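Report on the following structure.
One-based numbering, in listed order, for ligands and for the atoms of each. Being a predicted model, the structure only gives us computed values, none of them experimental.
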Amino acid sequence: MNREGSEAAFAAAKRVIPGGVNSTVRAFKAVGGTPVFIRKAKGAYLTDVDGNRYLDYVLSWGPMIAGHAHPDVVDALRGAAERGTSYGTPTEYETELAELIVAAVPSVEKVRFCSSGTEATANAVRLARGFTGRDKFVKFEGCYHGSADPFLIAAGSSALTMGVPNSKGVPAGTARDTIIVPFNDAAAVRAAFERNPGEIAAVIVEPYVGNMGLVLPVPGFLHALRALTRDNGALLIFDEVMTGFRVAYGGVQAREGVLPDLTTLGKVIGGGLPVGAFGGSAEIMDRLTPDGDVFQAGTLSGNPIAMAAGLATLRLLSDATYVHLERLAMRLIDGMAEVFARRGVPHSTVAAGSMAGFFFADGPVTDLAGAKRADTALYGRFFHAMLDRGVYFAPSQFETAFLSLAHTQAEIDRTVAAADDALSEVLACR
Ligand SMILES: *Cc1c(COP(=O)(O)O)cnc(C)c1O
């Protein structure tokens, strides 16, 4: 497959953009090689600058649940653009999208919009700190909550030690207030509360983790978090930026029947435009300015074009959507598991709603330590072999595959056949 255009584009980008990308994962560092520069997308397919087509399982890292350039979304965007792209005033579009979210997400009575998932989680933690009057919060190893300082803390080898920053530029003081524990380890959360009595404002969690590959909670884990936070006067924050309107119309909380105090959203609710949101009970949310004392603001927050894309996207979705998409996701992982088994590759697969995950490691994978056992070198070779066969999985073992309304059974079956072919090539030259 000729990718000279992408190579030239990457070289040009690197001269004026650090590393040639505006979000780190896009650079293909985890799999090697040159990132593919995309010129356009339609339905389930991307087309690169060289004219190659790829079946897309990344979907802009989650947002494009309707598929690319869905006619309803494009119409809504065109209409919105003709009415002006930003006013810096309240609009009725914001209320409309807020009403849809409040109706869908069980724990949310009021919601505030911002422009990214990163803003949503940063604001949710500030609100939890303001509401409780406490500074510390608990975060799980391998969960990703965007690129704000308090979340860029790696775990030490011991689960309950205070974190050290995993990026230069994160102050030690910030890191000290982030307590890192392993995912699916309720005992570690209990111990964190015992060691920091009256100091922990919140526990933030991706209730289904999509950012270390796809890792699901063990039975009882989310209920334990609910009980522990309630008993210790802390708030429970579900970061559903990825899972909201992705695993179920009402997110993980609707699927699992565990209600957090605060929920963060993004990705799907923006339909491919920059949107984030955070919501919860009126009691907590009313602590935000202008009525309360926890500040929040944004020049483009609730931008009318972004609201239009979100509204058009959510209107395409219903409970039935997720039954359909989960069937496709299951067909994908079952097909892949069969291929991996036939080729003798250790693997673990899982699906939830429109999310599908596979690790090149024996499963089940329940935490970051388990995920890290995966054969990332094999994943890198498999990724490139699939790319050469016109299938675009995430350029890292520690990400999730997404399905959209534009994916069909025929595309899933073609993917499985391509995986078989790709693996035979990859294993032959080992
Ligand atoms: C993508 C993601 C974020 C960050 O959202 P951005 O819009 O990239 O800032 C936060 N939390 C989770 C769970 C995510 O998947």
Side-chain angles (χ1 to χ4, degrees), residues 21-27 57-65 101 105 111-128 137-153 166-167 178 180 183 202-217 222 225 236-248 251-253 255-256 260 262-279 296 298 300-303 306-307 309-310 313 352-357 368 371 394-396 398-402:
V21 294
N22 287 305
S23 193
T24 300
V25 71
R26 295 179 198 168
Y57 287 104
V58 179
L59 295 176
S60 188
W61 303 93
M64 313 312 302
I65 196 166
I101 289 171
V105 185
V111 60
R112 175 67 61 88
F113 291 110
C114 48
S115 297
S116 69
T118 294
E119 271 186 77
T121 55
N123 278 295
V125 166
R126 183 188 305 124
L127 179 54
F137 73 95
V138 172
K139 166 195 179 298
F140 295 92
E141 231 182 332
C143 283
Y144 179 70
H145 303 295
S147 57
D149 280 0
F151 305 113
L152 294 181
I153 318 296
N166 66 350
S167 165
T178 303
I180 306 290
F183 187 69
V203 172
I204 186 168
V205 65
E206 284 185 76
Y208 290 2
V209 192
N211 284 292
M212 53 171 149
L214 180 56
V215 177
L216 301 186
L222 296 176
L225 295 185
L236 179 60
I237 305 173
F238 275 8
D239 181 355
E240 299 225 45
V241 169
M242 184 183 286
T243 54
F245 296 93
R246 254 265 162 234
V247 298
V252 174
Q253 57 195 270
R255 208 174 141 114
E256 296 284 341
L262 287 171
T263 300
T264 55
L265 296 165
K267 298 195 169 116
V268 169
I269 64 160
L273 274 85
V275 179
F278 58 109
Q296 188 275 332
L300 293 175
S301 290
N303 173 267
M307 297 292 104
T313 299
S354 60
M355 296 166 69
L368 185 63
S396 162
F398 305 114
E399 303 288 351
T400 298
F402 298 106

If you measure every N/O of Asn211 against every N/O of ligand 1, is any gap under 3.5 Å?
yes
Relative to the heavy atoms of Tyr144, which atoms of ligand 1 are at a distance of less than 4.0 Å?
11 (N), 12 (C), 13 (C)
Does Thr243 reach the main-chain N or O of Val252 with its side chain, forming a donor-acceptor pair under 3.5 Å?
no
Are any of the N or O atoms of His145 closer than 3.5 Å to those of ligand 1?
no
State whether the shortest distance between N or O atoms of Thr121 and N or O atoms of ligand 1 falls below 3.5 angstrom.
no
Using the side-chain contact (heavy atoms from CB on, under 4.5 Å) rule, pick out the option among Pro274, Cys114, Ser115 that qualifies with Leu300.
Ser115
Check: Ser116 side chain, Glu119 main-chain N or O, donor-acceptor pair, under 3.5 Å:
yes
Examine Gly117 against ligand 1 and note whether any of their N/O atoms are separated by less than 3.5 Å.
yes
Atom 3 (C) of ligand 1: nearest protein contact (heavy atom, Å)
Val241 CG1, 3.7 Å
Taken to the nearest 0.5 Å, the spacing of His145 NE2 from Thr264 OG1 works out to 8.0 Å
Under 4.0 Å from any heavy atom of Ser116, which atoms of ligand 1 are there?
7 (O), 9 (O)
Identify, for atom 8 (O) of ligand 1, the protein heavy atom at the shortest distance, and state residue, atom and that distance.
Thr118 OG1, 4.4 Å
Nearest-contact summary for atom 1 (C) of ligand 1 - protein heavy atom, Å:
Lys267 NZ, 1.6 Å
Per-atom contacts, ligand 1 versus Glu206 - under 4.0 Å to a heavy atom
13 (C)
N/O donor-acceptor pair under 3.5 Å between Gln253 side chain and Glu240 backbone
no
Donor-acceptor contact present, side-chain Glu206 to main-chain Tyr144, <3.5 Å
yes
Given Val105, Ile101, Thr313, the one that forms side-chain contact (heavy atoms from CB on, under 4.5 Å) with Ile269
Ile101
Check whether any side-chain N or O of Thr400 sits under 3.5 Å from a backbone N or O of Gly357 as a donor-acceptor pair, and report yes or no.
no
Nearest non-hydrogen protein atom to atom 11 (N) of ligand 1, with distance, is Asp239 OD2, 2.7 Å
